[in-house]
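Down below is the structure, laid out as structure tokens.
Proteins get letters first, then strands, A, B, ... in listed order; numbering begins at 1 in each.
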Number of protein chains: 2
Amino acid sequence: MFVQIDFNSDEAIYIQLRNQIIYGIATSQLQEGENLPSVRDLAEHIGINMHTVNKAYAMLKQEGYLKLDRRKGAVIAVDIDKLQAIREMREELRVVLARAFCKNISCEEAHEIVNDIFSEFERG
Amino acid sequence: MFVQIDFNSDEAIYIQLRNQIIYGIATSQLQEGENLPSVRDLAEHIGINMHTVNKAYAMLKQEGYLKLDRRKGAVIAVDIDKLQAIREMREELRVVLARAFCKNISCEEAHEIVNDIFSEFERG
DNA sequence: TATCTGTTATACTAAATGTATAACAGATAT
DNA sequence: ATATCTGTTATACATTTAGTATAACAGATA
């Protein structure tokens with residue numbers, strides 16, 4: 001498993017876990033229909049509590065990245081609500097880019113970084 | 001004052017306040033050398049505690065957006081550490097764009113939104 | 001001297017985070 | 001049938017964070 005938790009981070013463990021699973025989907029390390037480890041297995045592997053993993057899974061379900069099946073466990077299943085995704089992205093980008101603009105990062109430089117990151121995804 | 005706090009948000013008040021002040025700098029509503037209200041005045045105006053404002057100001061100081069002068073109070077003074085700003089931006093964008101990519105938002109669509117937001121800044 | 005700054009200290013409540021057991025209901029395999 | 005695996009829920013506890021509330025300090029200013 002590719003998950004790497006930073007226990008000294010100010011970011012909550014279940015948020016780190018959620019973000020890394022989403023990154024895994026974006027980079028095709030996790031593919032549609034694929035199973036995630038059970039909450040108990042993943043918790044033991046990382047060395048955290050079952051409920052912390054469950055919280056991440058529940059969040060991913062609510063945000064449309066997982067379906068939780070009692071037969072198969074947690075399965076990658078991305079629900080595409082593109083309009084809402086764009087709305088959310090715009091709000092988050094507004095905060096990130098405001099900081100960038102204050103620090104003299106140009107629109108062109110931002111575009112370059114966006115391209116870099118998208119190429120991480122498209123390489124898989 | 002342009003600050004608008006959402007008390008039902010899951011985002012901490014001092015984080016909302018910090019983000020809005022940074023957005024204010026990016027859109028030139030707040031300009032280099034300009035004074036912010038004193039922690040006590042702004043707290044009273046918003047209807048929150050003085051320490052919550054102080055926490056936002058301390059954070060903005062630590063991140064290089066303010067200088068806190070006992071004579072003048074809080075003064076906008078952006079310290080440009082572009083390399084660090086790019087590093088931080090890249091990490092944050094990785095999370096935001098991974099979500100976008102999973103939701104079928106293309107690189108081109110991301111660029112359009114970046115352009116939209118930068119035009120908010122450059123209009124002032 | 002009185003008043004304005006940011007800053008620090010202390011104390012309290014409420015909420016969020018993470019851990020720990022335990023149990024439930026559906027599905028699966030033996 | 002029985003045991004075992006799922007996610008899920010309930011309860012309890014400790015720690016940390018967020019926000020509020022008073023109070024005081026030190027430098028600057030009028």
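- Rounded to whole angstrom, the span from the CG atom of L17(A) across to the P atom of dT17(C) amounts to 14 Å.
- One finds a salt bridge joining E109(B) and K82(A) here, because a Lys/Arg side-chain nitrogen approaches an Asp/Glu carboxylate oxygen to under 4.0 Å.
- In terms of phosphate contacts, K55(A) brings no side-chain nitrogen or oxygen within less than 4.0 Å of OP1 or OP2 of dG18(C).
- Positionally, the nearest nucleotide of DNA chain D for S38(A) lies more toward the 5' end than for the other of H51(B) and S38(A).
- Although no hydrogens or angles enter the test, the distance criterion places no donor-acceptor pair under 3.5 Å between the side chain of E120(B) and the main chain of T27(B).
- For CD of Q4(B), the number of neighbouring non-hydrogen atoms (other residues, nucleotides, ligands) closer than 6.0 Å is 12 at most.
- To the nearest angstrom, P of dA15(C) lies 19 Å from CD1 of I15(B).
- Residue contacts for K67(A): at a heavy-atom cut-off of 4.0 Å it reaches no nucleic acid atom on any strand shown.
- Under the Watson-Crick and G-U wobble criteria, each requiring two contacts below 3.5 Å, nucleotide dG18(C) is paired to dC13(D).
- Across all strands shown, dC25(D) is found opposite dG6(C) as a Watson-Crick or G-U wobble partner, with both distances under 3.5 Å.
- Using a cutoff of 4.0 Å between basic side-chain nitrogens and carboxylate oxygens, R99(B) and E88(A) are not scored as salt-bridged.
- The pair D79(A)-K103(B) fails the salt-bridge criterion, with no side-chain N (NZ, NE, NH1 or NH2) lying under 4.0 Å from an Asp/Glu carboxylate O.
- Looking at every heavy atom in both residues, A56(A) comes nearest to R18(A) through CB-N, 4.3 Å.
- Contact annotation: T52(A) does not reach the phosphate of dT17(C) (side-chain N/O to OP1 or OP2, under 4.0 Å).
- Residue N54(B) contributes atom CG, which lies 16 Å from atom P of dT10(C) at whole-angstrom precision.
- Residue I76(A) is tested with L60(A), L36(A), N35(A) for a side chain to side chain contact (heavy atoms under 4.5 Å, CB included); the sole match is L36(A).
- Comparing L68(B) and G47(A) along DNA chain C, the residue whose closest nucleotide (by nearest heavy atom) sits nearer the 5' end is L68(B).
- For dA30(D), the paired base is dT1(C) (Watson-Crick or G-U wobble, both distances below 3.5 Å).
- Take the nearest nucleotide of DNA chain C for K72(A) and for F7(A): the residue whose nucleotide is more 5' is F7(A).
- Distances shown here put every side-chain N or O of Y14(A) at or beyond 4.0 Å from the OP1 or OP2 atom of dG18(C).
- Residue D41(B) is classed as a sugar-phosphate contact, given heavy-atom separations below 4.0 Å to backbone atoms only.
- For DNA chain D, the outermost nucleotides in 5' to 3' order that have an atom under 4.0 Å from a heavy atom of chain B are dA18(D) to dT29(D).
- If you check every strand for non-hydrogen atoms under 4.0 Å, A74(B) touches sugar and phosphate atoms only.
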